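This is a predicted model, so every value here is computed, not measured. Within every chain, numbering begins at 1; the chains are lettered A, B, ... in the order of the sequence lines, protein sequences first and strands thereafter.
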Amino acid sequence: MSRGYEPQSIETSWQERWEAAGAFCAAPDDDERPKKYVLDMFPYPSGDGLHLGHVENYTISDVLARYARQRGFNVLHPMGWDAFGLPAEQYAIDNQVHPRDAVSRNVEVFKAQMKTMGWSYDWSREINTTDPDYYQWTQWIFLRLYEKGLAYAAEVPVNWCEALGTVLANEEVIDGKSERGGHPVVRKPMRQWLLKITEYAEQLLAGLEDLDWPEHLKQMQREWIGRSEGADVEFRVGDDETFTVFTTRPDTLYGATFCVLAPEHPLVASITTPAQADAIAAYVEKTAGRSERERMADIKTKSGVFTGAYATNPVNGAHVPIWIADYVLLTYGTGAIMAVPGQDQRDWDFAKAFDLPIIRTVKPPEDFDGEAYTGSGPAMNSDFLDGMFVDEAKAAMIAHLEAEGQGRARVTYRLRDWLFSRQRYWGEPFPIIHREDGATVPLGNDSLPVRLPDVKSYKPTGTGESPLAAVESWVQTTDPSDGSKAQRETNTMPQWAGSCWYYLRFLDPLNKTAFCDPATEKQWLPVDVYVGGVEHAVLHLLYARFWHKVLFDLELVSSAEPFQRLVNQGMILCPSYREAENAPYLRIEDVEIRDGTPIVKATGAPAYSVVEKMSKSKKNVVNPDTIIAEYGADTLRLYILFMGPPDADKLWDRSGIQGVHRFLHKAWRLICGAERHAAVERSDAPAEGDARHALHSAIAGITADMDALAYNTAISKLMVMLGAMGALDPLPREMADAFLRMLAPFAPHAAESMWETLGGEGFVSLAPWPTYDEDALQTATEDYAVQVNGKVRGHLTVDATSADADILAAAQALPNVAENLAGKRLVKEMVVRGRLVVLVAK
RNA sequence: GCCGAAGUGGCGGAACUGGCAGACGCGCUAGGCUCAGAACCUAGUGGGCUUAACGGCCCUUGUGGGUUCGAGUCCCACCUUCGGCACCA
């Protein structure tokens with residue numbers, strides 16, 4: 001007799017047996033089974049170790065991978081490390097260690113934790129983006145982008161903190177002050193590398209159509225790309241200056257009563273009149289201290305300053321005042337707008353605030369009592385457009401502008417080119433040198449990798465340059481083509497770079513001559529299922545698609561899209577604590593809960609608490625180790641899936657964990673026995689009657705749930721099945737057998753042990769998924785609810801072979817139904833087979 | 001502000017195409033087992049009214065309207081919460 005279910009005593013040994021057998025390594029490319037590439041968004045290995053968000057993400061993909069193996073697929077399920085980036089560098093500064101050492105230590109911790117979860121990774125393919133053998137190919141792909149003219153340098157505004165002498169990430173800026181130290185931060189232009197993702201805007205938009213992604217996620221990408229059709233219109237200022245505005249409503253040009261430039265617009269300085277110069281300068285300076293987000297979010301305050309200059313409306317020669325205002329952004333459109341208060345509410349509000357004229361150019365409906373009218377209608381006050389409706393008027397105006405050389409049709413995108421450089425140490429160096437003659441030159445493939453040099457300090461240089469700029473021996477180099485003096489580019493790439501193509505390297509991680517062998521690439525791409533958080537909806541997922549499309553155009557990959565199907569797991573949310581709103585986050589250990597209220601231990605005052613995404617920066621991460629130690633990995637795997645559907649956000653609360661733990665105990669007791677309970681007798685006879693129905697409907701239901709990724713309900717059906725098994729003595733072996741095959745993806749360790757007890761062959765993890773007989777799903781009787789005028793008035797059980805007419809007659813004969821029908825005329829009657837009888841009476 | 005998502009018992013959640021709201025689990029209550037407790041087992045468990053009982057009636061899916069024989073599900077308006085907003089990744 002067994003001692004009962006003791007996860008700690010079985011889990012490690014199964015992990016070792018799987019590994020020794022190579023159970024989860026993908027089979028060679030010539031395997032006959034269909035392939036399935038199940039990919040996770042690989043983690044940034046932070047110093048805090050795995051958190052529950054990872055546990056959810058990787059358990060979902062593990063269940064997908066294990067289920068696919070049991071359904072006969074050759075599965076590729078790899079894991080690696082996205083290890084460049086700001087946090088590692090910050091950690092290195094704070095703790096006086098090299099980021100490389102910090103990363104390798106963190107990777108060891110992560111890997112050990114991942115193994116204790118029993119996730120079925122093919123560890124022979126492990127990669128690390130900070131490994132020179134990896135990042136030489138990141139650099140190699142950058143060179144291809146550069147050759148295609150998709151990489152360029154330009155002056156771009158960044159968050160500059162004078163006191164810290166460094167550029168800050170948006171996350172490090174809070175309310176215009178640096179997160180560390182609270183120093184002022186301003187937007188300041190600096191020379192940066194950019195990638196022309198805008199050149200691929202149309203393809204990125206079109207490519208979404210055939211992807212098996214959640215519709216709302218595709219919609220987010222569409223909105224992010226933000227295609228809009230309209231026209232560029234030229235406005236003249238005086239005799240020799242002009243500026244271009246982009247408008248989606250060229251039909252309203254006669255109603256343009258003023259123009260607004262972004263405060264950063266290059267023309268501002270030259271057109272401002274002396275009388276307005278001080279006011280303009282003050283406004284420009286004030287704007288430099290505001291983030292774009294603030295500027296967009298703030299619609300209540302109408303702020304702006306008149307430049308003193310006037311522009312000429314090209315269509316009617318009207319002189320309209322030119323203002324600057326921070327609601328116009330330099331990064332969208334042309335950084336200049338024509339304001340049409342009659343048809344745009346924001347322009348209307350601005351005109352009212354500053355007493356500027358308003359001319360309606362679209363006639364609103366009779367009953368319209370709003371302000372700006374944005375709907376369609378006949379044009380008015382618009383000369384040759386009068387009477388035309390919006391679409392016709394737009395086309396007519398564009399034709400007119402093009403004929404007169406005053407404008408042209410144009411499509412713009414909200415999407416901006418990708419700011420691709422960072423003034424940091426811990427990133428991929430650019431394979432770029434700057435010659436003394438001023439030329440910027442890409443290095444050849446044979447110069448790769450350009451390795452990161454060791455430096456003494458990762459601290460900011462104070463000049464805004466990367467710490468690499470201080471490594472004289474590395475910066476000074478020669479141009480390999482002629483031996484002349486040159487300096488290395490000292491910016492590094494953003495963390496996104498390494499994660500833009502890692503799914504390709506997993507296919508062929510040791511290849512020395514190519515990022516991936518073409519035949520192998522053809523065999524495995526695209527990724528069949530990609531699992532990760534919805535927070536990556538626009539940035540990572542768009543950047544990776546962009547790189548992939550460039551590689552596709554270069555015929556370096558064979559599929560147009562990298563990720564065919566996408567699964568978003570929801571966020572695991574957890575309370576975070578601060579002394580007050582906008583104060584730095586407190587560690588969970590520094591807060592205690594008294595009578596349901598969080599109290600800051602140090603001060604005794606109530607803490608400011610919000611439920612939000614678990615993240616290192618919010619200090620609200622929960623580490624899974626203590627749960628594994630207490631309940632075992634199988635229980636944690638089951639629980640995290642049982643908490644709700646994969647794509648729903650979940651508030652972490654461990655109080656329900658007992659339920660799934662008991663479920664495993666019960667299964668174990670039934671099959672293996674426990675302390676005072678012997679295992680139930682088993683019979684080799686097939687399941688009959690109710691047992692047969694329970695078995696086959698469980699298989700049917702669970703299989704459907706597996707295909708729909710409804711893991712929470714799949715687990716509840718396993719619980720129901722176990723309940724049915726518990727009532728059987730003897731227990732048909734085929735029922736226990738099917739139960740374990742279906743339990744295996746969720747609780748693989750326990751399932752393996754029970755499978756062994758049952759005498760199953762090999763690993764249950766690789767045993768085929770059970771099948772069901774359609775005829776076993778039928779029942780002898782059917783239950784009906786009887787509705788009269790939409791309310792249930794009775795219940796009925798009939799033979800499953802009954803005809804509709806007989807069911808209707810039986811329903812009407814029910815006393816309470818008859819009572820409700822009395823004195824009324826039956827106007828409608830129908831049977832919803834197996835569910836409901838509908839009667840409508842008047 | 002813009003884009004996307006979500007609101008169902010004390011709690012997590014279930015409910016395929018509009019068709020018996022609350023599967024499964026937690027918690028709670030009662031009983032069993034036990035010297036006692038833990039664990040375990042059995043039963044019950046949205047609210048109100050009514051019935052000796054079986055049962056019957058009404059209310060209930062964030063709020064307010066609407067469509068329908070019938071709405072958690074569809075439509076309109078609103079409220080709240082969460083995610084993203086380009087240098088966290």
Next on the checklist: Please enumerate all residues that pass salt bridge (Lys or Arg N to Asp or Glu O under 4.0 Å) together with A:D326, with sequence neighbours excluded.
Outcome noted: A:R290
Below 3.5 Å is the cut-off: list the nitrogen or oxygen pairs between protein and nucleotides 50-57 of chain B, distance only.
| residue | atom | partner | partner atom | Å |
| --- | --- | --- | --- | --- |
| B:C57 | OP1 | A:R793 | NH1 | 2.7 |
| B:C57 | OP1 | A:N816 | ND2 | 3.1 |

Next on the checklist: Expressed as a whole number of angstroms, how long is the span from A:L664:CG to B:G25:C1'?
Outcome noted: 13 Å
Checklist entry - So what does A:P494 hit on the nucleic acid, given a heavy-atom distance under 4.0 Å: a base, only sugar-phosphate, or nothing? => result nothing
Checklist entry - So A:Y639 and A:H661, ring-ring contact (aromatic ring centres under 6.0 Å, His included) or not? Walk me through it. => result CA-CA 8 Å; A:Y639 183 56; A:H661 194 56; over 10 Å; no
Item to check | Any A:R222 side-chain N or O less than 4.0 Å from OP1/OP2 of B:G4 | outcome: no
Checklist entry - Roughly how many Å is it from CG in A:N568 to P in B:C3, rounded to a whole number? => result 20 Å
Item to check | Separation of B:G25 C1' from A:F642 CZ (nearest whole Å) | outcome: 4 Å
Next on the checklist: Please report the distance separating the P of B:U60 from the corresponding atom of B:G47, rounded so that it comes out in whole Å.
Outcome noted: 16 Å
Item to check | Nucleotide-resolved protein contact map, nucleotides 69-87 of chain B, B/S/- at heavy-atom distance under 4.0 Å | outcome: BS-----------SBSBBB
Checklist entry - For RNA chain B, which residues in residues 651-660 of chain A have a heavy atom at a distance below 4.0 Å? => result A:S655, A:G656, A:G659
Next on the checklist: I'd like to check the salt bridge (Lys or Arg N to Asp or Glu O under 4.0 Å) partners of A:E56; sequence neighbours left out, ordered by chain and number.
Outcome noted: A:K650
Checklist entry - With a non-hydrogen cut-off below 4.0 angstrom, is A:D82 in contact with a base, only sugar-phosphate, or nothing? => result sugar-phosphate
Checklist entry - In whole Å, what separates the P atom of B:A14 from that of B:G22? => result 15 Å
Item to check | Electrostatic pair A:E428:A:R422 at N-O distance under 4.0 angstrom | outcome: no
Checklist entry - Would you call A:E782 and A:R833 a salt bridge, using N to O less than 4.0 angstrom? => result yes
Item to check | Qualifying residues under salt bridge (Lys or Arg N to Asp or Glu O under 4.0 Å), relative to A:E264, sequence neighbours excluded | outcome: A:R295
Item to check | A:Y135: partners by ring-ring contact (aromatic ring centres under 6.0 Å, His included), with sequence neighbours left out | outcome: A:F84
Next on the checklist: Just to be sure I understand the rule, does A:K666 reach a base, reach only the sugar-phosphate, or reach nothing, if contact means heavy atoms closer than 4.0 Å?
Outcome noted: sugar-phosphate
Checklist entry - Could you state the OH-P distance from A:Y711 to B:G12, rounded to the nearest angstrom? => result 24 Å
Next on the checklist: Could you tell me how far apart A:L670 (CG) and B:C41 (P) are, to the nearest whole angstrom?
Outcome noted: 12 Å
Item to check | Touch class at under 4.0 angstrom, heavy-atom based, for A:P43 against every strand present | outcome: nothing
Checklist entry - For A:Y502, what residues pass the ring-ring contact (aromatic ring centres under 6.0 Å, His included) criterion, not counting sequence neighbours? => result A:F42, A:F506
Next on the checklist: Tell me every residue that passes ring-ring contact (aromatic ring centres under 6.0 Å, His included) with A:Y327, counting only those two or more places apart in sequence or in another chain.
Outcome noted: A:F350
Checklist entry - Once you round it to whole Å, what is the distance between C1' of B:C24 and CZ of A:R662? => result 14 Å
Item to check | C1'-based separation of B:A39 from B:C57 [nearest Å] | outcome: 44 Å
Checklist entry - What is the glycosidic conformation of B:G9: syn, defined as within 90° of 0, or anti? => result syn
Checklist entry - Just how far, in rounded Å, is P of B:A14 from CG of A:L641? => result 13 Å
Checklist entry - Could you give the distance from CD (A:Q221) to CG (A:L211), rounded to the nearest 0.5 Å? => result 8.5 Å
Checklist entry - Expressed in whole Å, how much space separates the C1' atoms belonging to B:U8 and B:G62? => result 10 Å
Checklist entry - Given atom CD of A:Q221 and atom C1' of B:A5, what is their separation to the nearest angstrom? => result 16 Å
Item to check | Residues that A:R654 engages under salt bridge (Lys or Arg N to Asp or Glu O under 4.0 Å), provided they are two or more places apart | outcome: A:E630
Checklist entry - So which heavy atom on A:R187 is nearest to which on A:P157, and how close? => result NH2-O, 3.8 Å
Checklist entry - Given Watson-Crick or G-U pairs with both distances under 3.5 Å, what dot-bracket string fits RNA chain B, with | for other-strand pairs and [ ] for crossing? => result (((((((..(((......[....)))((((((.......))))))(((((....)))))..(((((..]....))))))))))))....
Next on the checklist: Work out how far the C1' atom of B:U51 is from that of B:U61, and round it to whole angstrom.
Outcome noted: 30 Å
Checklist entry - Think A:R414 forms a cation-pi with A:Y332, using NZ or CZ under 6.0 Å from the six-ring centre and within 45 degrees of its axis? => result yes
Item to check | Test ring-ring contact (aromatic ring centres under 6.0 Å, His included) applied to A:W501 - qualifying residues, sequence neighbours left out | outcome: A:Y134
Checklist entry - Crowded around A:K177 NZ? As in, over 12 foreign heavy atoms under 6.0 Å? => result no
